[in-house]
Amino acid sequence: MASPAKKARTKSPTPPPETSAAARESTPAPALIPAASRESTPAPATPAVARARESTPVPATPAAARESTPVPATPATAKEGTPAPATPAVATRGRTPAPATPAAGTNAPLPGSHWAEQGLPQEEEDDDADSTLGSDVESSTASIGSSILRYRTMNGRTYHSDSITDSEYWGPNDDKQNELLDIFHHAMTILLDGRLYDAPLPKKMENAIDLGTGTGLWAIDFADAFPKCNVIGTDISPIQPSWVPPNIRFEIDDYNKEWTYKPDFFDFIHVRWLSGTVKDWLAFYKNAYRCCKPGGYIEHMDTHGTIHSDDGSIDEKVHALGQWGPIWHEAGRRIGQVLIPAAMMESAMKEAGFVNIVVKDYKVPISPWPKDKKMNDVGLYFYAVMNQDLDGVLQFMFGKVMGWTTEEIGIYIRHLKKEMKDMSIHGYFVFRKVYGQKPVDA
């Protein structure tokens with residue numbers, strides 16, 4: 001099933017993304033349902049998504065959000081070989097030797113050589129798993145400053161420009177990866193029954209921001225749903241469309257750098273799937289708290305990283321799927337960052353000052369194995385997410401950080417794909433959504 005065609009919109013052209021010095025660097029069993037929230041706060045009513053637009057919305061005012069004059073559109077070009085930030089204990093531009101001790105409380109992942117020794121998986125001629133997938137898993141599908149467009153290249157793939165971010169980001173920024181982000185947005189739309197958010201937002205808001213907006217689909221849908229709200233989407237690559245609602249603009253921003261947005265400015269701060277991109281999560285939430293209006297909300301949805309199975313169909317020491325989480329957690333330990341933030345989102349929000357915090361967990365199947373129709377659809381699209389660009393996703397962390405060879409990564413990917421096609425393997429991720437409020441009297 002190809003991704004449904006997006007609704008036709010009458011769009012107003014917006015200028016290319018602005019460059020600023022602010023804020024950005026630059027993954028669940030039949031009848032799967034969201035776990036009940038831990039707090040007693042009642043769930044908000046499901047908002048209507050992408051309603052027909054009212055009369056011309058109030059246009060965004062770029063200068064109003066900032067405390068100082070915006071940085072010119074073309075940033076100073078960073079020299080090749082910019083060193084990694086001081087926080088990580090190791091440089092990630094070369095091979096990193098395996099540390100002597102694995103992360104506390106986690107099992108050491110199997111080395112890349114293990115998969116090379118296994119060799120390519122045996123391909124069965126009559127694979128029943130393949131027949132259940134068919135062609136439904138196929139993906140759907142402006143020049144600003146030369147320094148922004150000077151992307152880093154690795155094995156033929158482009159990654160985010162060093163002129164925007166002063167540290168490493170594991171994901172590519174080319175068309176293949178951008179299609180992955182679009183498919184992911186659709187999978188989340190199905191999972192959440194069309195809801196763009198769960199926080200009890202007021203009907204009237206002035207300013208909202210989507211940090212790490214990617215291709216901008218969530219921000220565009222939110223701008224359609226709130227036509228009188230000025231919406232900002234930030235990313236470290238100019239990969240967003242130019243024909244968008246008139247109340248939205250995109251900025252080239254690294255949220256790991258100093259935030260220059262005004263204090264008490266945003267009614268809503270949205271964060272989704274920033275795994276592996278934030279150097280200091282507590283500092284991130286403190287910046288969000290400072291820039292959030294009293295009474296405003298932050299909402300963050302991210303993954304625990306580990307692929308689970310409730311029936312024991314995934315064995316961590318046998319299956320490539322079982323190794324996914326341990327490898328990513330170990331990679332984070334090596335570079336001194338929390339790559340998978342779900343376990344600490346609630347506590348970090350509290351420490352930053354947010355209150356009325358609500359936590360919800362969602363099971364996301366990695367393939368269309370559930371019998372439940374909705375979760376089967378979620379699994380189908382997440383299968384497409386996982387298979388869309390495994391090579392681009394794994395090259396940096398598995399190669400540069402974990403020290404795997406290109407051959408080892410390729411063989412591991414073949415094992416992953418074979419296991420995901422096997423409908424007797426009932427794997428799922430847990431995505432956690434946490435939202436909180438800045439105290440009204442803050």
Side-chain angles (χ1 to χ4, degrees), residues 1-3 27-33 107 109-140 176 179-180 183-184 186-188 190-191 303-329 362-394 398 404 407-431:
M1 170 189 330
S3 292
T27 189
L32 298 175
I33 57 175
N107 294 323
L110 298 172
S113 59
H114 167 83
W115 301 104
E117 293 169 0
Q118 297 297 309
L120 294 174
Q122 182 180 359
E123 300 293 341
E124 300 178 11
E125 293 183 4
D126 295 320
D127 192 342
D128 291 337
D130 270 345
S131 65
T132 66
L133 299 177
S135 61
D136 287 340
V137 298
E138 295 181 2
S139 63
S140 61
K176 195 170 185 179
E179 288 174 4
L180 179 155
I183 301 169
F184 174 80
H186 188 66
M188 294 297 102
I190 298 174
L191 177 70
T303 177
H304 281 273
T306 301
I307 300 177
H308 304 272
S309 66
D310 292 335
D311 58 1
S313 55
I314 294 180
D315 186 331
E316 183 179 297
K317 290 300 183 182
V318 174
H319 294 97
L321 290 170
Q323 283 289 296
W324 181 273
I327 294 171
W328 280 94
H329 285 288
Y362 297 86
K363 290 183 176 181
V364 178
I366 61 170
S367 64
W369 59 263
K371 296 181 180 180
D372 176 81
K373 177 62 170 63
K374 170 187 165 181
M375 298 312 297
N376 182 279
D377 287 345
V378 173
L380 178 64
Y381 278 96
F382 212 81
Y383 175 91
V385 169
M386 292 286 290
N387 280 271
Q388 171 68 14
D389 194 19
L390 277 169
D391 183 66
V393 167
L394 301 187
F398 284 44
W404 290 25
E407 178 189 11
E408 290 165 351
I409 295 172
I411 294 175
Y412 176 76
I413 289 174
R414 292 287 293 273
H415 281 275
L416 276 176
K417 289 185 174 183
K418 180 174 177 59
E419 290 172 11
M420 282 189 285
K421 289 179 181 179
D422 186 347
M423 295 298 101
S424 70
I425 296 179
H426 302 152
Y428 63 86
F429 284 105
V430 174
F431 272 76

(Q) Taking atom CD as the centre, does Q118 end up with more than 12 heavy-atom neighbours from other residues, nucleotides or ligands that are less than 6.0 angstrom away? (A) yes

Q. What are the two closest non-hydrogen atoms of P109 and I327, and how far apart are they?
A. CB-CG1, 3.6 Å

Q.
Rounded to the nearest 0.5 Å, what separates atom CG in L416 from atom CE in M386?
A. 6.5 Å

Q | Which atom of E316 lies closest to which atom of G322, heavy atoms considered | A | CG-O, 3.4 Å

Q: State the OH-CD distance between Y381 and Q388, to the nearest 0.5 angstrom.
A: 13.0 Å

Q) Hey, what do you get for NE2 (H308) to OG (S313), rounding to the nearest 0.5 Å? A) 12.5 Å

Q: In sequence, state the C-alpha distance, the side-chain angles, and the governing distance for T306 and H329, and then conclude on side-chain contact (heavy atoms from CB on, under 4.5 Å).
A: CA-CA 9 Å; T306 301; H329 285 288; 4.0 Å; yes

Q.
Please evaluate residues S367 and M423 with respect to the criterion side-chain contact (heavy atoms from CB on, under 4.5 Å), reporting the C-alpha separation (whole Å), side-chain torsions for both, the decisive distance (0.1 Å), and the verdict.
A. CA-CA 8 Å; S367 64; M423 295 298 101; 3.5 Å; yes

Q. If you take all heavy atoms of I314 and S309, which pair is closest and at what distance?
A. N-OG, 3.1 Å

Q: Measure across M420 and L321 and return the closest heavy-atom pair with its distance rounded to 0.1 Å.
A: CG-CD2, 3.9 Å

Q.
Salt bridge check, K373 against D377: does any charged N sit closer than 4.0 Å to a carboxylate O?
A. yes

Q | Counterpart residues, side-chain contact (heavy atoms from CB on, under 4.5 Å), relative to D315 (two or more places apart) | A | K317, V318, H319

Q: With sequence neighbours left out, write down each residue that passes ring pair (Phe, Tyr, Trp, His ring centres under 6.0 Å) with H415, or none if nothing qualifies.
A: W115

(Q) To the nearest 0.5 Å, what is the distance between CH2 on W328 and CD1 on I307? (A) 11.5 Å

Q. Can you check side-chain contact (heavy atoms from CB on, under 4.5 Å) on Y412 and W324, steps first, answer last?
A. CA-CA 10 Å; Y412 176 76; W324 181 273; 4.0 Å; yes

Q: Find the distance between CE (M188) and CZ (F184) and round it off to the nearest 0.5 Å.
A: 4.5 Å

Q) For L120, which residues count as a side-chain contact (heavy atoms from CB on, under 4.5 Å) partner, sequence neighbours excluded? A) I411, R414

Q | Derivation of the side-chain contact (heavy atoms from CB on, under 4.5 Å) call for K374 and I190 | A | CA-CA 7 Å; K374 170 187 165 181; I190 298 174; 4.3 Å; yes

Q | Check: E408 and S113 side chains under 4.5 Å, non-hydrogen atoms | A | yes

Q) Closest approach of L110 and W404, non-hydrogen atoms and distance? A) O-CZ2, 3.7 Å

Q: For N376 and P368, indicate whether the former's side chain and the latter's backbone hold a donor-acceptor pair under 3.5 Å.
A: yes

